[in-house]
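Input: a single structure, listed below in structure tokens.
Here is how names work: the chains are called A, B, and so on, in the same order as the sequence lines, proteins then strands, and each is numbered from 1.
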Amino acid sequence: MKRLPYAFYARPARQVAQDLLGKLLARRFDGRLICGRIVETEAYCDADEPDLACHGDRANDGRPTPRTAVMFGSAGFAYVYFTYGMHWMFNIVTGQEGQANAVLIRALEPLTGVDLMAQNRNGRSRREWTNGPAKLAQALAIDKSLNGANLCQPDGVIWLEDAPPPSEQIAAGPRIGLGQTPEPWYSIPWRYWLRGNPYVS
DNA sequence: CAGACGATTGCCT
DNA sequence: GGCAATCGTCTGT
């Protein structure tokens with residue numbers, strides 16, 4: 001299996017978000033491998049148009065802040081942030097440097113290191129290990145220490161691997177949990193998933 | 001420096 | 001379906 005290269009990420013977020021479906025998210029943890037197949041993503045921001053749901057557009061008048069700085073940086077790095085006082089979210093920076101583009105990984109299908117996922121998810125049922133953005137972060141032991149991690153680095157502890165295109169159909173719909181975000185961004189269909197997959201959130 | 005709120009989850013009715 | 005948990009980040013005073 002081949003690690004996804006920088007060029008894969010250095011494209012518009014919506015394109016990367018769809019192409020990530022079926023790829024593998026891998027994590028080296030406790031000397032072992034945890035790996036899952038990506039089945040749900042969301043795109044935030046695009047080069048051409050504003051996205052008021054995106055942290056990079058919403059805060060500080062569209063300028064970087066300490067939290068969002070990574071989002072404005074090079075593609076192929078991890079943007080990990082803390083929310084609701086208890087949850088970590090794992091995103092992948094996409095697009096061009098200077099633009100706030102990222103893809104949120106929302107759900108995985110467990111493949112490797114299932115005992116570690118069960119342990120990290122406190123013994124919950126298999127279906128609840130990775131069917132949500134904060135759940136998969138916990139299952140893969142993703143936290144602040146991985147913010148800014150280089151996903152293309154050969155000896156990194158978190159990366160993505162190429163995989164054949166998915167056989168499932170790709171579905172699209174509005175993004176989840178946008179709260180007070182105004183239209184049209186509240187309803188714009190930038191969430192993508194593999195139709196029928198049981199691990200979609 | 002105080003106040004509002006969040007790219008969610010899990011428990012309760 | 002409703003709602004509390006829990007704290008970092010951002011904003012306005």
Side-chain angles (χ1 to χ4, degrees), chain A residues 9 12-18 20-21 25 36 38-46 49-73 75 77-95 99-108 110 117-149 151 158 171-194 198-201:
Chain A
Y9 304 108
R14 277 184 284 170
Q15 188 69 55
V16 176
Q18 293 170 76
L20 277 170
L21 295 173
L25 176 59
I38 297 173
V39 299
E40 183 181 354
T41 61
E42 279 178 358
Y44 284 87
C45 301
D46 259 327
E49 46 201 315
D51 177 7
L52 269 285
C54 177
H55 291 168
D57 274 12
R58 198 168 56 201
N60 197 26
D61 215 20
R63 305 287 309 163
T65 67
R67 178 175 68 146
T68 63
V70 175
M71 249 191 139
F72 287 84
F77 286 73
Y79 168 46
V80 178
Y81 71 90
F82 185 65
T83 191
Y84 290 108
M86 61 189 92
H87 298 306
W88 296 100
M89 300 288 194
F90 176 74
N91 301 252
I92 296 170
V93 178
T94 62
Q99 300 170 344
N101 273 226
V103 173
L104 171 69
I105 307 300
R106 285 194 59 88
L108 302 174
M117 290 196 228
Q119 177 184 307
N120 291 339
R121 288 289 294 137
N122 203 25
R124 293 182 182 281
S125 70
R126 184 185 185 101
R127 193 170 175 281
E128 296 201 350
W129 291 344
T130 52
N131 67 334
K135 295 178 185 178
L136 73 88
Q138 186 177 40
L140 271 62
I142 292 169
D143 64 16
K144 183 181 190 128
S145 68
L146 294 180
N147 187 39
L151 303 174
I158 187 163
R175 294 168 292 182
I176 305 295
L178 298 194
Q180 307 302 314
T181 300
E183 296 288 1
W185 302 283
Y186 187 84
S187 301
I188 200 165
W190 288 353
R191 170 182 172 234
Y192 308 97
W193 67 94
L194 295 179
Y199 294 95
V200 169
S201 68

Residue pairs fulfilling salt bridge (Lys or Arg N to Asp or Glu O under 4.0 Å) with at least one residue in residues 134-143 of chain A, sequence neighbours excluded: none
Earlier contact from the 5' end, DNA chain B, for A:Gln180 and A:Asn131: A:Gln180
Member of A:Arg126, A:Arg127, A:Glu40 meeting the side chain to side chain donor-acceptor pair (under 3.5 Å) criterion with A:Tyr199: A:Arg126
Sequence-aligned protein contact record of nucleotides 5-13 of chain C, with B where the base is within under 4.0 Å of a protein heavy atom and S where only the sugar-phosphate is: BBBSSSS--
Spacing between A:Asp143 atom CG and B:dT8 atom C1', to the nearest angstrom: 17 Å
Whole angstrom value for the distance that separates C1' of B:dT9 from CG of A:Leu136: 13 Å
Student check: side-chain heavy atoms of A:Val80 and A:Asn91 closer than 4.5 Å: no
Please tabulate, for the side chains in residues 49-64 of chain A, all donor-acceptor contacts under 3.5 angstrom to protein atoms that are two or more places apart in sequence or on a different chain.
{"unit_1": "A:Glu49", "atom_1": "OE2", "unit_2": "A:Arg14", "atom_2": "NH2", "d": "3.0"}
{"unit_1": "A:Asp51", "atom_1": "OD1", "unit_2": "A:Ala53", "atom_2": "N", "d": "3.0"}
{"unit_1": "A:Asp51", "atom_1": "OD1", "unit_2": "A:Arg175", "atom_2": "NH2", "d": "3.1"}
{"unit_1": "A:Asp51", "atom_1": "OD2", "unit_2": "A:Cys45", "atom_2": "N", "d": "2.8"}
{"unit_1": "A:Asp51", "atom_1": "OD2", "unit_2": "A:Arg175", "atom_2": "NH1", "d": "2.7"}
{"unit_1": "A:His55", "atom_1": "ND1", "unit_2": "A:Tyr79", "atom_2": "OH", "d": "2.8"}
{"unit_1": "A:Asp57", "atom_1": "OD2", "unit_2": "A:Asp51", "atom_2": "N", "d": "2.7"}
{"unit_1": "A:Asn60", "atom_1": "ND2", "unit_2": "A:Pro64", "atom_2": "O", "d": "3.1"}

For A:Trp88, all residues meeting ring-ring contact (aromatic ring centres under 6.0 Å, His included), sequence neighbours excluded: A:Phe82
Produce the list of close N/O pairs, under 3.5 Å, pairing protein atoms with atoms of nucleotides 11-13 of chain B; give distances to one decimal.
{"unit_1": "B:dC11", "atom_1": "OP1", "unit_2": "A:Arg124", "atom_2": "NH2", "d": "3.3"}

Atom CD of A:Glu183 with >12 non-hydrogen neighbours under 6.0 angstrom: yes
Residue pair A:Asn101 / A:Met71, side-chain heavy-atom distance below 4.5 Å: no
Between P of B:dG6 and CD1 of A:Ile176, the distance in whole Å: 15 Å
A:Leu21 side chain near A:Tyr192 side chain, heavy-atom distance below 4.5 Å: yes
Length of the CG-P vector between A:Asp46 and B:dA7, whole Å: 18 Å
Intra- and inter-strand pairs of DNA chain B in dot-bracket (Watson-Crick or G-U wobble, both distances under 3.5 Å; | for another strand): ||||||.|||||.
Within-4.5 Å side-chain heavy-atom neighbours: A:Tyr81 and A:Arg67: yes
Side-chain donor/acceptor of A:Thr130 to backbone N/O of A:Leu108, under 3.5 Å: yes
Any A:Asn120 side-chain heavy atom under 4.5 Å of A:Trp129 side chain: no
Interatomic distance where CZ belongs to A:Arg175 and C1' belongs to B:dG6 [whole Å]: 15 Å
